[in-house]
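Structure, as structure tokens:
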Number of protein chains: 2
Amino acid sequence: MLPMKSRYALKALVFLARHQVDGPVPVAGIAAAEAIPTKFLEAILLELRNAGILTSRRGPTGGYQLRVEPSTVHLGDVIRNLSGPMAPLPCLSKSAYHRCTECVDEATCAVRLLMADVHAQTLRILDGTTLAQLVARVDAAAAGEAEGQSQRCRTPDGPVSGKLDFID
Amino acid sequence: MLPMKSRYALKALVFLARHQVDGPVPVAGIAAAEAIPTKFLEAILLELRNAGILTSRRGPTGGYQLRVEPSTVHLGDVIRNLSGPMAPLPCLSKSAYHRCTECVDEATCAVRLLMADVHAQTLRILDGTTLAQLVARVDAAAAGEAEGQSQRCRTPDGPVSGKLDFID
DNA sequence: GCAAAAGCCTACCGCGTTGGTAGGGATTGA
DNA sequence: TCAATCCCTACCAACGCGGTAGGCTTTTGC
């Protein structure tokens, strides 16, 4: 499960990308628009600021604002900054690697071989997608929804999106 | 993070696939070979038995044994049975779907759009890989290791395995 | 210069899940 | 009948998650 912290952060970033021209947006405004607990969001935006993604201004007319272009914000970094490494096994994390105590031989560990693929695909998507691309996809989805789904699957430079039909 | 339950289960299944001909294998034997706490593994194998993947026999010469062919065991099902749905968001799970309370519009939710791809790829790999294939990959890795890595990347009908170089 | 609006900082906390352990009962083969 | 093995119930400590509370600091507008 993706932690609430990361979910809220992504929503807030999309919101801020949309309101770039408006100057600083106060936390309360974002919280209200996206239905996020205000004080919790406060802590999240602070972390994003410390990560260099946002800037802040205090006092009336203050608030948060993107520091960099949406096209340079990689979503994997956002999640990593807020919720730590995404590796499904400690032995697959580069930034926080450590051996699985139970692993007899890492090179031939079945679990590791399997999850390495999962991890690679996850990173390909999350680090390969920027905030700008995500905003574009939301726009496309909104357009498709409004126009009665006439233009489905218009995912720009999009991921596989094949017709998978697995459970869960 | 993949829970220990699922990791242990996968290791045990690979072990059992290797020892199919030996008849039932006692829990203690698997636990010793794979460095898994015995009583914990006991509970796990019981669940796999209730899921129809294993059979058991009691008394001396008893133990656990695969009930079905390794080529019919899909690893996604193993993980689901032991650790529940794998969806990164509740609104992406088919078996345990429920709306995110904070989600204003599900169809245009940025987080959902993004994670849907991640989830699809995860399912493609985990539900698309069988126990038999996993055993084969372990063998291939062991062979490659022994032969001084002369035959790398021989992943049979394998996943992408491109040269990704992301952090974490 | 003062009030109000906003960000910043520290501390705390209930709850559920994870990763087990303990102990014993039920079966079954030698 | 003994011992190995599976089966079942109960319990439990530790940790992370998802917040909440309360106050301090900076800045703007009047």
Side-chain angles (χ1 to χ4, degrees), chain A residues 1-12 16 22-32 34-51 53-65 67 79 82-86 88-90 96 100-102 111, chain B residues 1-12 16 22-32 34-51 53-65 67 79 82-86 88-90 96 100-102 111:
Chain A
M1 277 283 190
L2 188 70
M4 298 305 291
K5 245 189 182 183
S6 293
R7 297 189 215 176
Y8 291 154
L10 292 174
K11 280 170 180 272
L16 285 173
D22 301 357
V25 183
V27 173
I30 308 174
E34 299 290 341
I36 302 171
T38 307
K39 289 294 269 182
F40 196 31
L41 182 58
E42 204 175 282
I44 293 167
L45 295 186
L46 196 53
E47 287 190 63
L48 290 175
R49 172 184 157 281
N50 292 336
I53 297 171
L54 300 181
T55 53
S56 59
R57 218 171 60 195
R58 301 218 248 196
T61 79
Y64 283 95
Q65 188 170 8
R67 174 171 219 156
I79 296 175
L82 288 169
S83 308
M86 301 176 278
L89 300 173
C100 303
T101 56
E102 83 277 6
V111 183
Chain B
M1 278 283 192
L2 189 70
M4 298 305 290
K5 244 188 183 184
S6 293
R7 297 188 214 176
Y8 290 154
L10 291 173
K11 280 170 179 270
L16 285 173
D22 301 356
V25 183
V27 174
I30 308 174
E34 299 291 340
I36 301 171
T38 307
K39 290 294 271 181
F40 195 32
L41 181 58
E42 206 175 278
I44 292 167
L45 295 186
L46 196 55
E47 287 189 64
L48 289 176
R49 172 185 157 277
N50 292 337
I53 297 171
L54 300 180
T55 54
S56 59
R57 218 170 61 194
R58 301 218 248 194
T61 78
Y64 283 96
Q65 187 170 10
R67 173 170 219 156
I79 296 175
L82 288 169
S83 308
M86 300 176 278
L89 300 172
C100 304
T101 56
E102 81 278 5
V111 183

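This structure is a prediction, so every number in the text was calculated from the model and none was measured. First the proteins, then the strands, lettered A, B, ... as listed; each starts at 1. These numbers come from the heavy atoms of this one structure, side chains and all, not from hydrogens, waters or symmetry mates.
Going from atom NZ of B:K11 over to atom CE of B:M4 covers 8.5 Å, rounded to the nearest 0.5 Å. To the nearest 0.5 Å, atom CD1 of residue A:I44 and atom CG of residue A:L54 are 11.5 Å apart. The line from CD of B:E47 to NZ of B:K5 is 3.5 Å long, rounded to the nearest 0.5 Å. Summarising the geometry, atom CG belonging to A:L45 is positioned 8.0 Å from atom CD1 belonging to A:I36; distances are rounded to the nearest 0.5 Å.
Residue A:L45 contributes atom CG, which lies 8 Å from atom P of C:dG7 at whole-angstrom precision. To the nearest angstrom, C1' of C:dT21 lies 15 Å from CG of B:L41. In this entry the distance linking CZ of B:R58 with C1' of D:dC2 reads 17 Å, nearest Å. Remark: P of D:dT27 and OH of A:Y64 are 14 Å apart, rounded to the nearest angstrom. D:dT9 atom C1' lies 14 Å from atom CD of B:E47, rounded to whole Å. Taking atom CD of B:E42 as the reference point, atom P of C:dG23 lies 15 Å away to the nearest angstrom. For the pair A:E102 CD and C:dT18 C1', the computed distance is 14 Å after rounding to whole Å. Here the P atom of nucleotide D:dT5 and the CD1 atom of B:I30 are 12 Å apart, to the nearest Å.
A donor-acceptor contact shorter than 3.5 Å links the side chain of A:R57 to the backbone of A:T61. Formation of a donor-acceptor pair under 3.5 Å by the A:R7 side chain with backbone atoms of A:L2 is found in this model.
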All N/O pairs under 3.5 Å across the protein-nucleotides 16-20 of chain D interface:
unit_1	atom_1	unit_2	atom_2	d
D:dG18	OP2	A:M4	N	3.2
D:dG19	OP2	A:Y8	OH	3.0

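Of the side-chain N and O atoms in B:T61, none sit less than 4.0 angstrom from OP1 or OP2 of D:dT5. Contact check, B:R49 against D:dC7: a side-chain N or O comes under 4.0 Å of OP1 or OP2.
Picking from C:dA26, C:dC9, D:dT25 the nucleotide with the shortest atom distance to the side chain of A:L46 gives C:dC9.
Just one residue in the list A:V25, A:I53, A:L46 forms a side-chain contact (heavy atoms from CB on, under 4.5 Å) with A:Y64, and that residue is A:L46.
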